[in-house]
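A short write-up of the structure that comes next.
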Amino acid sequence: MIEIYNTLTRQKEKFETSTPGQVNMYVCGPTTYNYIHLGNARPIVVFDTVRRYLLNKGYQVTYIQNFTDVDDKIIKRAIEEGEQPLVLAEKYIKEYFKDADALNVKRADKHPKVSEHMPEIIELIKELIKNGYAYEVEGNVFFDVRKFEGYGKLSGRDLDEMQAGARVEVNEIKKDPMDFALWKKAKHGEPSWPSPWGEGRPGWHIECSAMALKYLGAGFDIHGGGYDLVFPHHENEIAQSEAVVQEDFAKYWMHNGFITINKEKMSKSLGNFFLVREILDKFPGEVVRFYLLSTHYRSPLDFDNEKLEASQRGLERLKNCYNLLAEASGSSEESIEASEVEKQFEDQLVHLDKSFEEAMDDDFNTALATAVWFDLAKEINVYFKDKQNDNATASAANLQRAKDLFNTFNQVLGVFKADQTTGNILMEEKDSGDDELVDQLIQLVAGIRQQARKKKDWDTADSIRDGLKELGITLQDTPQGVKWKR
RNA sequence: GGCGACGUAGCCAAGUGGCUAAGGCGGAGGACUGCAAAUCCUUUAUUCCCCGGUUCAAAUCCGGGCGUCGCCUCCA
């Protein structure tokens, strides 16, 4: 049974879908005016993992993630780059997918864009005006927060207390300073769409309401995003949606914590952000993803290169283990007697399977889940050790069990690239071309080194090994012969 | 000012009332190896920011203090 921390109720709740076996979830996607930074990547990876786990549990999942392609920041950036705003937005949507792919994030079932949902947005605003929750002033439409009784219920705020804070934009045409724009009148040269209130474009929040309601309907199961969206974005989404549908907009509200740099929030205004692709220049996507999942999603996560390096080394350990598993499959035996070692190993696998599920069931505790993954690697390594000590062959059945479990963990956490249909992890596929030649050359050099070793010419053997190491090729002498990896 | 989160080993990080305080990185020692690598074994927090309190029992609950951070304005 899954428990999810719900921002709305400020506690963990049992997860119950409105339709048995079916999960509808909506995650706020990026405003595409630039390449995404690490802070943007966190929710993308976190909710991709949530989705993967729900699928693993047997749910049907409909996953919607929008792109905000109509926005002030896009317009500003477009002017700077001498580009049409929508063209610019489209460009960064393409770039977004490159980063998302590198992080092994699956495509949403639908990636709706604001620019393609003007009729739905306008319809929703019309409805709000009709219900008396919104009002028009000089071509602008505002949501009347005082009319919506539950305003503040998500973020735990009180309208009057917020006024006291006084950090609210003064705008004489609004009835209340906290009223927010549903429709903005177009200024000269800005992209605009016709509406009953004249040429203009939607406010920031209404898009998500319109698209979520269109694709998922009211009362969908999970709405996710970064913690900084709680207020005002999600608060406003709730207000404007529920004012129309007159029922709960979404049931479980999930928010991920921030990425920090020296404990300070990574943000564009502070200028302390790192683009995902800058990081991908230095580290593989799998390392970045693994690092993002090494902490519980609601906790802050501090970023620096040393932490990624630590993640990389940890991941190396898992990788070595899987390689061992893959190699051993070839020399295993079908019918092996049920020795104590086999039995214990099998029991451990069952136990680890359960532990992993318990961890993920508990509000998607990926930090605990990865610990279970390391435990699995340890068990597998010990198993091989025991087998070697007994001079015995591994059991094909148990090896397969271990491999299946390893692949399952990976399917949920999505760290290593895997075969779409089998779920088998794909280790460094050699990408064609001259790699075959490289293979042969290494075989040749390694062969020469072996001859030197036979003659106990350690100097030659070691200098070959050291030389290859400098080229990024690691040689290992094992009882089964020489192994190498790049 | 309002609201909220956090403070666990050298670093990262689980655990939120009761077995020996997970796991990873790093360090130390050992096994294996010609030497390595990989792997395994042992070790690295008598204690969870501090002070009180509740309890048979607290890292975990309560009160106070100190410190760090976030939201309240565009932000994932």
Side-chain angles (χ1 to χ4, degrees), chain A residues 7 10 27-31 33 36-47 71-73 76 152 155-158 160-169 178 204 224-233 235 255-260 262-270 273 290-291 294-296 298-302 304 306-318 320-321 323-324 355 359 362 365-375 377-378 380-382 384-386 388-389 453 456-459 461-462 465-466 469 474-479 482-485:
Chain A
T7 306
R10 267 153 264 237
V27 176
C28 287
T31 300
Y33 66 108
I36 58 167
H37 67 235
L38 226 215
N40 300 308
R42 169 118 100 147
I44 293 162
V45 167
V46 162
F47 291 107
D71 173 89
D72 289 354
K73 294 187 290 289
K76 187 164 168 260
S155 53
R157 296 158 209 265
D158 180 278
D160 296 305
E161 279 167 4
M162 278 189 282
Q163 312 273 36
R167 285 174 78 180
V168 185
E169 182 194 351
M178 294 308 295
W204 175 36
Y227 193 73
D228 49 359
L229 295 183
V230 172
F231 190 90
H233 186 56
E235 193 68 63
H255 295 97
N256 61 274
F258 301 124
I259 301 285
T260 58
N262 293 324
K263 309 288 179 193
E264 278 190 328
K265 182 184 171 186
M266 180 185 288
S267 76
K268 300 214 168 142
S269 52
L270 284 170
F273 62 92
F290 188 66
Y291 155 78
S294 66
T295 301
H296 185 91
R298 281 190 282 118
S299 302
L301 211 201
D302 202 57
D304 60 54
E306 286 72 45
K307 283 165 189 146
L308 275 180
E309 279 161 17
S311 287
Q312 186 160 33
R313 292 201 194 99
L315 211 50
E316 201 64 32
R317 189 179 164 76
L318 294 179
N320 287 335
C321 174
N323 277 140
L324 216 58
S355 299
D362 185 10
N365 192 337
T366 54
L368 232 195
T370 54
V372 176
W373 202 357
F374 279 110
D375 289 340
K378 172 83 108 188
I380 291 168
N381 287 329
V382 168
F384 282 126
K385 188 86 178 172
D386 288 347
Q388 203 169 47
N389 287 155
R453 289 186 72 218
K456 296 194 191 298
D457 178 2
W458 308 125
D459 285 348
D462 290 350
R465 188 172 62 196
D466 294 346
K469 181 87 187 169
T474 310
L475 288 191
Q476 292 184 24
D477 300 317
T478 75
V482 186
K483 284 192 217 167
W484 63 272
K485 62 180 178 183

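Quick note: numbers below take in every heavy atom, side chains included, and nothing from hydrogens, waters or symmetry partners. Throughout, a chain's letter reflects where its sequence line sits, starting with A, and its residues are numbered from 1.
If you check every strand for non-hydrogen atoms under 4.0 Å, A/K73 touches sugar and phosphate atoms only. Residue-level contact check: A/G257 touches the bases, meaning some heavy atom is under 4.0 Å from a base atom. In this structure, A/A371 reaches the bases: a heavy-atom distance under 4.0 Å links it to at least one base atom across the strands shown. Among the heavy atoms of the strands lying under 4.0 Å from A/G314 are primed sugar atoms or P, OP1, OP2 only; no base atom is included. Counting any heavy atom pair closer than 4.0 Å across all strands shown, A/R313 reaches sugar-phosphate atoms only and no base atom. Counting non-hydrogen atoms under 4.0 angstrom, A/I44 reaches nothing in the nucleic acid. No engagement by A/R10 is indicated, since no non-hydrogen atom pair under 4.0 Å with the nucleic acid exists. At the heavy-atom level, A/S267 lies under 4.0 Å from base atoms of the strands shown. Using a 4.0 Å heavy-atom cutoff across all strands shown, A/F258 reaches at least one base atom of the nucleic acid.
Where A/N40 and A/V372 each meet RNA chain B at their nearest nucleotide, the meeting point lying more 5' is that of A/V372.
Here A/K483 pairs with A/E327 under the salt bridge (Lys or Arg N to Asp or Glu O under 4.0 Å) rule; sequence neighbours left out. Remark: A/K378 engages no residue in a salt bridge (Lys or Arg N to Asp or Glu O under 4.0 Å) (not counting sequence neighbours). Residues satisfying the side-chain hydrogen bond (donor to acceptor under 3.5 Å, both in side chains) criterion with A/Y291, sequence neighbours excluded, are absent altogether. Among residues two or more places apart in sequence or in another chain, the salt bridge (Lys or Arg N to Asp or Glu O under 4.0 Å) test is passed with A/K73 by A/D71. Checked against salt bridge (Lys or Arg N to Asp or Glu O under 4.0 Å), A/D72 has the following partners two or more places apart in sequence or in another chain: A/K184, A/R201. Under the rule for a side-chain hydrogen bond (donor to acceptor under 3.5 Å, both in side chains), the partners of A/S267 that lie at least two apart in sequence or sit in another chain are A/S269. Partners of A/A377 according to the side chain to side chain contact (heavy atoms under 4.5 Å, CB included) rule, which considers only residues two or more places apart in sequence or in another chain, are A/L318, A/C321.
Using N1 to N3 plus N6-O4 or O6-N4 for Watson-Crick, or N1-O2 and O6-N3 for G-U wobble, each under 3.5 Å, B/C6 pairs with B/G67. Across all strands shown, the partner of B/G18 is B/C56, judged by Watson-Crick or G-U wobble contacts whose two distances both fall under 3.5 Å. B/A31 is paired with B/U39 under the Watson-Crick or G-U wobble criterion, all donor-acceptor distances under 3.5 Å. When both pairing distances are held under 3.5 Å, B/C11 makes a Watson-Crick or G-U pair with B/G24. Across all strands shown, B/U46 forms no Watson-Crick or G-U wobble pair with both key distances under 3.5 Å. As the counterpart of B/G1, B/C72 is assigned, both hydrogen-bonding distances of the Watson-Crick or G-U wobble pattern falling under 3.5 Å.
Ring pair A/F258/A/Y227 is perpendicular by interplanar angle, where above 60° counts as perpendicular and below 30° as parallel.
Under a cut-off of 6.0 angstrom, the local environment of CG in A/N389 is crowded, with over 12 non-hydrogen atoms contributed by other residues, nucleotides or ligands.
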Dump the pairs, protein N or O against N or O of nucleotides 37-41 of chain B, anything under 3.5 Å, distances to one decimal.
residue	atom	partner	partner atom	Å
B/A38	O3'	A/N320	ND2	3.2
B/U39	O3'	A/N381	ND2	3.2
B/C40	OP1	A/N381	ND2	3.3
B/C41	OP2	A/K378	NZ	2.9

Filtered N/O pairs between nucleotides 15-20 of chain B and protein, under 3.5 Å:
residue	atom	partner	partner atom	Å
B/G15	OP1	A/N365	ND2	3.0

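The aromatic ring of A/F374 does not stack onto the base of B/G24, failing the criterion of a centre distance under 5.5 Å from the six-membered base ring together with planes under 30° apart.
Checking the phosphate oxygens (OP1, OP2) of B/A22, no side-chain nitrogen or oxygen of A/T370 falls inside 4.0 Å.
Of the candidate nucleotides B/A14, B/A76, B/G34, B/G34 has the atom nearest to the side chain of A/W458. The A/P232 side chain lies nearest to B/C74 when the options are B/C74, B/U68, B/A76. Here the nucleotide nearest the side chain of A/K307, chosen from B/A76, B/C12, B/C72, is B/C12. You'll find that the side chain of A/A367 is closest to B/A13, out of B/A13, B/A76, B/C35.
Side-chain to base pairing of A/D462 with B/G34: one donor and one acceptor N or O lie within less than 3.5 Å of each other. For B/A76, its base never sits under 3.5 Å from the side chain of A/R42 at any donor and acceptor pair.
Spacing of P atoms, B/G29 relative to B/C48, comes out at 30 Å, to the nearest Å. Look at the C1' atom in both B/U54 and B/G17: the space between them is 12 Å, to the nearest Å.
Taken from CD1 in A/I259 to CG in A/L38, the straight-line distance is 5.0 Å, to the nearest 0.5 Å. With rounding to the nearest 0.5 angstrom, the CG atom of A/N320 is 12.0 Å from the CD1 atom of A/I380.
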